[in-house]
Amino acid sequence: MSDLKQATQRKVSFLATMKAVFWSFLGIRKKNDYEQDAAHLNPVHVIIAGVIGALIFIFVLVLVVKSVVAK
């Protein structure tokens, strides 16, 4: 249980977490960057950033589909 508490108290900025999640959405990530992220990112921030990224992705897809169908 102390590992979970220790992981959630990591002090990496939310912007850095968003950047890591963005690159993971694209599938472009170096192994050493991934390992560094796994060691330093706050898991709660990763979950929140993933949900935000998924919502943005869905919103963009809906916009693209609406613009294609409208023509």
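Using a 4.5 Å cut-off between side-chain heavy atoms of Ile, Leu, Val, Met, Phe, Trp and Tyr, with links allowed through other members, V64 and I56 fall into the same hydrophobic cluster. Taking hydrophobic clusters as Ile, Leu, Val, Met, Phe, Trp and Tyr residues chained together by side-chain heavy-atom distances below 4.5 Å, F57 does not share a cluster with V65.
In terms of heavy-atom proximity, T17 sits nearest to A49 at CG2-CB, 4.0 Å.
Atom CG of L41 and atom CE of M18 lie 12.0 Å apart (nearest 0.5 Å).
Side-chain atoms of F14 and I48, non-hydrogen and from C-beta on, do get closer than 4.5 Å to each other.
In this view, I47 satisfies the side chain to side chain contact (heavy atoms under 4.5 Å, CB included) rule with no residue, not counting sequence neighbours.
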